[in-house]
Protein chains: 2
Amino acid sequence: MPQNSYIEHPKFHVAVDCVIFGYENDELKLLLYPRRFTPSKGDWSLMGGFVQETETLDDSSRRVLLQTVGLNNIYLEQVRGFSEPNRDPGARVISMAFYALIRIDEHDSKLASLHSGNWWPITKIPELVFDHNQMVHEALEKLQQKASYKLIGKELLPEQFTLTQLHNLYNAIFQKNFDAGNFRKKIASLNVLEKLALKDTSTSKRGAYYYRFKDDADTFEYDRIVKL
Amino acid sequence: MPQNSYIEHPKFHVAVDCVIFGYENDELKLLLYPRRFTPSKGDWSLMGGFVQETETLDDSSRRVLLQTVGLNNIYLEQVRGFSEPNRDPGARVISMAFYALIRIDEHDSKLASLHSGNWWPITKIPELVFDHNQMVHEALEKLQQKASYKLIGKELLPEQFTLTQLHNLYNAIFQKNFDAGNFRKKIASLNVLEKLALKDTSTSKRGAYYYRFKDDADTFEYDRIVKL
DNA sequence: GCAAAAGTGTTACCGGTACACCCATGT
DNA sequence: ACATGGGTGTACCGGTAACACTTTTGC
C-alpha cells in the first residue's frame, strides 16, 4: 500500500506461469512447452502469459490455460510470487506461479501440440528456463501438502475410477508406496466416495468397482489422509 | 512468461502488504496503521509499500518492515497475491501479502508510533482498508498451518521463555485451550528446546524453568505438533 | 489349477486424550 | 496452611502399520 502518491513508483510486467499437472499411465505428469521467444528460445518452459489490464492473476492463469489446453473451470492454486530482478534476462518480469490439475484425456491435445506441448513424467523433468524448475519443485510440494489433508483426484482422474487408480495416484504424487489395504480403509472412512455398480475389467480378471466423488465432496473437512 | 515480445504488455504498480504478528500479554497481536493517503486516508490498514526497480518482493517487504519497526532479519512468509483490478480505488495495484513474526519488545516502538502504529489483539481487528481484512484472515490461516507442523515461537517469544508462555502462545494462535500436560509432553518429544538452569519467578511462587530454542532448531523435521 | 489383481481381516503397537495427582513456594 | 501456577503419571482408546489371507476370473 502506498507510502505516498502512486505516480512516482515504478511499474512492472506481471506474468503468470502454470505448472500443469496431469495423470496418465500411473504417472504424474507435467505439460511443458518449448519457449517461443528469445531469450532461451526453444528451451523447455512452463506455459505462461502476461497479465492484462482487466485481469486478476487467477483470470490471467485461466486465460492461458484455456488458450493452451482448451479447458475451462480448471482447479488452480497460487504457489508463490517469483521476483528476482534478473530472473528473466529479457526484461524485469514479476511472475506468479500457479499449479493446475487437469484430466489429460479431456484436454485439447491438438491445441497443446500446436504449441509443441509435451507431457513429461514428474520424475524426468528436464532443465527448464529461468526459475521454472524451482516453480515446479514448490508446486509439487504444495500439491503434496494439499493431498495430505484433502482427498484429491477429482480433478486428475476420470469421472469414474477404481480405488487402485486412486491408490496409484497417491503413490505417484508422493513417490512412495502406501499399503494398499490401509489406503483403501482410510479412503472408505472419509466417506466422500460413492461406490458404483459398474466394474472395470480392463486391468484385472476379477474386475474392480468404479467409484466417483460425491457431489458435495469439496465441502468435507478431513483430518489427515497420509503422512507427509 | 512471454507470449510474444515484452514491450506491448501492460505494466502494473506492484506493492507488498505486511501482516505483522507480535505476542504480548498472552495475546497474539497485529500492528496496524492509519492510512496516510487518499483514498481511505485515516482508515486502519496494514503497512505496505511499492516494490522498487531493484527489489524482489521479499526485499521490498523487508525494507518496509525496517522502515516501520526498525528490525532486520525478520521472519517472513508470502501469503498470496491480491490482484482484483479495483481492490485499490486509487489505482491498479497488484499486491503481495506477507506475514511477519516479530518480538514486540524488540521493535522500535518510537518509530512505530511515529506513523501512529498500534498493536491490535487478533480477536479485535477493526475494519480495514480495501482487502486487508482478507489478507489478515489468510495470513492467520497460514500461520496456523505453519504452527501445526513446525514449532514456532522463536520469532515471537523472548530468547528465554517458559513452557507456559509457549503453551499460551499456541492457545492464542489457535484460539483453543490445549491441555497443558499433553502440550508440554509433545514439546519435550520434539527435542528442539533446551532447558536452562534459570527460573522465572514472576508469575508463580514455585518458579518455571526457562527454555530456549536449540541453535539448530530450524533444521528439525517434525511430524505434527497440534491438530488443526 | 494357477497367476494376478481386488479386496478383507487380524494383530500389535504407538500416540493422543482426559484427567488425577504431586511439587514448590510466597503470603 | 493453603492457594497458585508448575510439572508428572497413568489409564484408556483409536488410529495405523505390517502383513496374512480370501475372492474372483481369465488363461
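Proteins come first, then strands; the chains are lettered A, B, ... in the order of their sequence lines, and each starts at number 1. Below, all heavy atoms of this structure are taken into account, side chains as well, without hydrogens, waters or symmetry copies.
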Within 45° cone and under 6.0 Å: B:K195 NZ/CZ vs B:Y211 ring: no

Could you check how far CZ of B:F161 sits from C1' of D:dG5, rounded to whole Å? 18 Å

Between C1' on D:dA17 and CZ on A:R184, what's the gap in Å once rounded to a whole number? 17 Å

For a quick check under 3.5 Å, do B:S61 and B:D58 share a side-chain donor-acceptor pair by atom type? no

Show me the pairs that pass side-chain hydrogen bond (donor to acceptor under 3.5 Å, both in side chains) and involve residues 216-228 of chain B, at least two apart or across chains. A:D223-B:R224, A:R224-B:D223

Pair A:D43 + A:R35, salt bridge at N-O below 4.0 Å: no

Atom-pair distance (CG on A:L166; P on C:dA6), nearest Å: 13 Å

Under 3.5 Å, which N/O atoms of the protein pair with N/O atoms of nucleotides 14-19 of chain C?
{"residue": "C:dG16", "atom": "OP1", "partner": "B:K186", "partner atom": "NZ", "Å": "2.9"}
{"residue": "C:dA18", "atom": "N7", "partner": "B:N182", "partner atom": "ND2", "Å": "3.0"}
{"residue": "C:dA18", "atom": "N6", "partner": "B:N182", "partner atom": "OD1", "Å": "3.2"}

Would you mind reading off the distance between B:F178 atom CZ and D:dG7 atom P, rounded to a whole angstrom? 19 Å

Expressed in angstrom and rounded to an integer, what is the separation of A:F183 atom CZ from C:dT8 atom C1'? 17 Å

Basic-acidic side-chain contact under 4.0 Å: A:E84, A:R87: no

Could you tell me whether A:D215 and A:R212 make a salt bridge, using a distance below 4.0 angstrom between a side-chain N and a carboxylate O? yes

Would you mind classifying the nucleic acid contact of A:S189 as base, sugar-phosphate or nothing, using non-hydrogen atoms under 4.0 angstrom? nothing

So does B:R62 pair up with B:E55, basic N to acidic O under 4.0 Å? no

Integer-rounded Å distance: D:dT16 C1' and A:Y170 OH: 17 Å

Do B:E77 and B:K142 sit within salt-bridge range, that is, some charged N less than 4.0 Å from a carboxylate O? no

Output yes when A:E24 and A:K29 qualify as a salt bridge under the 4.0 Å nitrogen-oxygen rule, no when they do not. yes

Whole Å only: how far is the CD atom of B:Q165 from the C1' atom of D:dG7? 16 Å

DNA chain C contacts made by residues 194-212 of chain A, counting heavy atoms under 4.0 Å: A:T203, A:S204, A:R206, A:G207, A:A208, A:Y209

